[in-house]
Amino acid sequence: MPHVVVKMYSGKTDEQKMRIAEAVTQAIMASTGSAERAVSVAIEDVDPAAWVETVFKPEIIGRSGTLFKKPGYDPL
């Protein structure tokens, strides 16, 4: 039962978010063999000014052992 949470800068439309959720769903299905009904995708908007404190530090640095794709930027 894969559940994916996508955190990104706020400002995307619901249509864009639906396309992102569909693309993520297709990628999960293709790579894990999961059925579409088993996949869920949440998208959380993050204010760009809050990114470092609410996402980068706690989730990218703080949970680096769980990252399989690391970002190519360092805002610190």
Side-chain angles (χ1 to χ4, degrees):
M1 299 294 192
H3 174 69
V4 178
V5 178
V6 177
K7 296 184 182 194
M8 61 186 192
Y9 282 178
S10 54
K12 301 294 186 221
T13 65
D14 284 349
E15 184 178 319
Q16 289 171 310
K17 291 176 183 179
M18 289 298 296
R19 286 196 309 264
I20 291 166
E22 180 59 27
V24 169
T25 298
Q26 292 300 317
I28 293 292
M29 290 169 47
S31 61
T32 66
S34 295
E36 184 173 8
R37 64 181 169 75
V39 180
S40 55
V41 180
I43 297 179
E44 297 179 10
D45 290 329
V46 178
D47 182 320
W51 185 262
V52 171
E53 294 301 321
T54 62
V55 177
F56 193 82
K57 286 181 179 178
E59 297 193 29
I60 295 173
I61 292 174
R63 300 181 69 197
S64 63
T66 66
L67 291 178
F68 283 84
K69 166 58 174 91
K70 297 182 182 192
Y73 68 92
D74 184 352
L76 301 179

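The shown structure was predicted, so the numbers you read here are calculated from the model rather than taken from an experiment.
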Quiz item: What is the distance from atom CD1 of I43 to atom NZ of K7, rounded to the nearest 0.5 Å?
Solution: 13.0 Å
Quiz item: Would you say K12 and R19 make side-chain contact, with heavy atoms under 4.5 Å?
Solution: no
Quiz item: Does some side-chain heavy atom of M8 sit less than 4.5 Å from a side-chain heavy atom of V46?
Solution: no
Quiz prompt | Salt bridge E53-K57, side-chain N to carboxylate O under 4.0 Å | solution = yes
Quiz item: Does E59 reach the side chain of L67, with side-chain heavy atoms less than 4.5 Å apart?
Solution: no
Quiz item: Are V4 and M18 co-members of a hydrophobic cluster defined by side-chain heavy atoms under 4.5 Å apart?
Solution: no
Quiz item: For K17, does the NZ atom have more than 12 heavy-atom neighbours from other residues, nucleotides or ligands under 6.0 Å away?
Solution: yes
Self-check item: Same apolar cluster: M1 and I28, side chain cutoff 4.5 Å
Solution: no
Practice problem: Treating Ile, Leu, Val, Met, Phe, Trp and Tyr as nodes and any side-chain heavy-atom pair under 4.5 angstrom as an edge, say whether V6 and V55 lie in one connected cluster. | Solution: no
Practice problem: Any chance you could measure F56, atom CZ, to I61, atom CD1, to the nearest 0.5 Å? | Solution: 4.5 Å
Exercise. Please answer whether the main-chain N or O of I60 pairs with a side-chain N or O of S64 as donor and acceptor at a distance below 3.5 Å.
Key: no
Exercise. Find out whether M29 and V39 are in side-chain contact, i.e. whether some heavy atom of one side chain is under 4.5 Å from a heavy atom of the other.
Key: yes
Exercise. Please round to the nearest 0.5 Å and tell me the distance separating atom CD of E44 and atom OG1 of T54.
Key: 9.5 Å
